[in-house]
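To keep things clear, I will list the structure first and then write my remarks on it.
By convention in this document, chain letters (A, B, ...) are assigned in the order of the sequence lines, proteins followed by strands, and residues within each chain are numbered from 1.
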2 protein chains.
Amino acid sequence: MLQETITAKEPIISQEAALIAGIRKFNRYYTSQLGLLQQHIFDSEYSLTDVRVLYEVQFNGKTTATGIREALGIDPGYLSRILRKFEKQGLVIKHPLPEDGRSSHLTLTARGEKLMRTMNELSDNQIRQMLENLAPEEQTKTGEAMRQLRYLLKAPGGAPRLEDVEIRHDLRPGDLGNIVRLHGEVYAKEYGYNIEFEQYVMETIGEFMKAYDPAKDRVWLASCFGEIIGMIAIIHRPDRQGQLRWFLLRPDFRGIGLGRALMDKAMEFCRQQQFKEVYLLTTNQQGTAASIYTKHGFMKTASVPETLWGQDLYEERYVRKM
Amino acid sequence: MLQETITAKEPIISQEAALIAGIRKFNRYYTSQLGLLQQHIFDSEYSLTDVRVLYEVQFNGKTTATGIREALGIDPGYLSRILRKFEKQGLVIKHPLPEDGRSSHLTLTARGEKLMRTMNELSDNQIRQMLENLAPEEQTKTGEAMRQLRYLLKAPGGAPRLEDVEIRHDLRPGDLGNIVRLHGEVYAKEYGYNIEFEQYVMETIGEFMKAYDPAKDRVWLASCFGEIIGMIAIIHRPDRQGQLRWFLLRPDFRGIGLGRALMDKAMEFCRQQQFKEVYLLTTNQQGTAASIYTKHGFMKTASVPETLWGQDLYEERYVRKM
DNA sequence: CAATTTAGTTGATTTTGTCAACTATTTTAT
DNA sequence: ATAAAATAGTTGACAAAATCAACTAAATTG
């Protein structure tokens, strides 16, 4: 047994208290920090509630008053008056519903859209001002921390977006470590692999690097706000074969088309290299990965029982003709 | 040359936009999520402003009205009335200042303290409710992300504090990768070492792990907000010798006593292990490290010229008798 | 098809926050 | 030393934001 455990598994009461106290501190700090409590946003004539209503109209396309009321939890009478004000100011239009004579769909007018754009610009400037005191690393860390929080707290739209992900294929300092780390963390979490697995990945990466030839091998790294969150690699093998390796996505970045994007890049590279075929080795435990492989034209050609990293599993081989 | 460069070094505009959009989303989400906008906190008779005032009285010990006014940015007249209400309700006491007949120090009464305790409990429950849908590790990640945000935004560019650093000596998934990464990034930045160095570190860590014996070897990792930012290790060697390895701090965490803290832990472990002596290998390039070694009783015993990682340098050996 | 529910409106009112004028001190400038 | 200016806080008048309850009109239910 390689691993040495020190810390307790059970959450300790005082730790929970510390966590909660920390969150409370954060809440208090963050509310004051961003001036979220100001009544009048950016010295405009609109209150925070006004802006929230406009935002709902803009993004919850074709909402009714009730939709907004439910989303924001405000008094119907109050909302009614706010909407009438907006209508009078030419920011919002009510489109009576043919199927329900009581309700109307709400949309922004061009003027309303313009107002919201201005608001967003002002908000962006405020954020930019906040960011400009930070070093570039700190900026990306801030972004990643917020993104992660939104994700953790299950915010709507908190899931990462493909547009925020950057894919590159050079190797920079820290990348090797990040590759190892990503594997260690993801496989430990998903399959309970112990640290021997991480060690194993380290060895395979080491071997790969010794023979690495930028013209024939390629590693793609996907990063979001500076953090490596996925990867794929192609290695040249004898007889115009290629091997696909280290295809991995952090769980919270799955299901957004990133796996496909990486696989596409890899396959395109294989075509450029004029490989006859590409193979990969995996285990039967990686169920979801398998379906991605078959979707991209790979076929299972072998399955051998093995005991690895404290697990009984089948080592599988997939091949795709190019 | 192993490295292949593709992407520009300059931060890309669209990524900044994504970052800002992400932050705006976070702001919007977080304000609504936590009900920070509700007027009446926890169905009490107190408004958000009321509670903020009480909080200031409680924690900015012995504030005056002006102190609160400056902290919260509210109208003096409004505050005056709020305070009078609190006085009448027996929550706050005004202690006229002998040195200034215009002002008074404000303190909470026992009743005021009790009210704040209740408020805090309600707030804790709300947070607990938010947390209970999360897995334990998600909870800790949430706490860490918030702590980091508070830290990043509060003290932009400020030096990290030793209190925020946690030192542990178990090995968790991702740690091996983090160790490699830390070395790769720091040495690239400070001495321009190329990725071969990171590869070399990977190999040495791999070798170490093969022979790793928790009873005789130890790796300490220093982390701040969940990120590994420093480390040190002791490996057992024949003849009751110990070798000190991988002593490294991220540059921005130097000069806060962390190096000393790590070294102390390492030396204490060496005493426990009853080593006769401890040695370490370094190069003449690591000038600042050398001074730390001598400060902790190490003496240079050898210096051999070498060419490593694209650099001409002297490999040096330091020894300390225990 | 009467009774009930739902969507939204309106009037009355309260709560919350703002502005300006004011008093009583303390500090500053001459 | 003393007049002028600044500071700390109060008060009155008022405006804005939000709530509550009673209401209308349309849709749904039994």
*How close or far is atom P of D/dC20 from atom CD1 of A/Ile74, stated in whole angstroms?*
14 Å
*Residue whose nearest DNA chain D nucleotide is more 5′ - B/Pro76 or A/Gly73*: B/Pro76
_B/Arg150 to A/Tyr30 six-membered ring, cation-pi geometry met (6.0 Å, 45°)_ = no
_Separation of atom CG in B/Leu79 from atom P in C/dT16, rounded to whole Å_ = 15 Å
*asked:* Please report the distance, rounded to the nearest Å, between CD1 in B/Ile68 and P in D/dT7.
replied: 19 Å
*Taking only Lys NZ, Arg NE, NH1 and NH2, and the carboxylate oxygens of Asp or Glu, determine whether A/Glu190 and A/Arg254 approach each other closer than 4.0 Å.*
yes
*Base C/dG11 paired with A/Arg81 side chain (donor-acceptor, <3.5 Å)*: yes
*For atom CZ of A/Arg69 and atom P of C/dA7, their distance in whole Å*: 7 Å
*asked:* Closest approach to the side chain of B/Ser103, judged atom by atom: which nucleotide of D/dG9, D/dA17, D/dA13 is it?
replied: D/dG9
*Once you round it to whole Å, what is the distance between C1' of C/dT16 and CG of B/Leu72?*
15 Å
*Could you tell me whether the phosphate oxygens of C/dT6, OP1 or OP2, come under 4.0 Å of any side-chain nitrogen or oxygen in A/Thr66?*
no
*Rounded to the Å, how far apart are A/Glu45 CD and D/dA15 C1'?*
15 Å
*Quick one: does A/Arg84 reach the base of C/dG8 with a side-chain donor-acceptor pair under 3.5 Å?*
no
*Return yes if a side-chain donor-acceptor contact under 3.5 Å exists between B/Tyr151 and A/Glu138, otherwise no.*
no
*How many Å lie between CD1 on A/Ile82 and C1' on C/dT9, as a whole number?*
14 Å
*How does each nucleotide of nucleotides 24-30 of chain D score, in 5' to 3' order, for protein heavy atoms under 4.0 Å: base (B), sugar-phosphate only (S), or none (-)?*
-BBS---
_B/Asp75 CG to D/dT11 P, straight-line distance once rounded to whole Å_ = 14 Å
*Backbone of B/Gly226 reached by a side-chain donor or acceptor of B/Ser223 within 3.5 Å*: no
_Please enumerate all residues that pass side-chain hydrogen bond (donor to acceptor under 3.5 Å, both in side chains) together with B/Arg250, with sequence neighbours excluded._
B/Glu227, B/Asp252
*For the residue pair A/Leu79 and A/Leu72, establish whether any side-chain heavy-atom pair is separated by less than 4.5 Å.*
no
_Does A/Lys85 reach a base, just sugar-phosphate, or nothing at all? Heavy atoms under 4.0 Å._
nothing
*Below 4.0 angstrom, N of the basic side chain to O of the carboxylate: do A/Glu144 and A/Arg147 qualify?*
yes
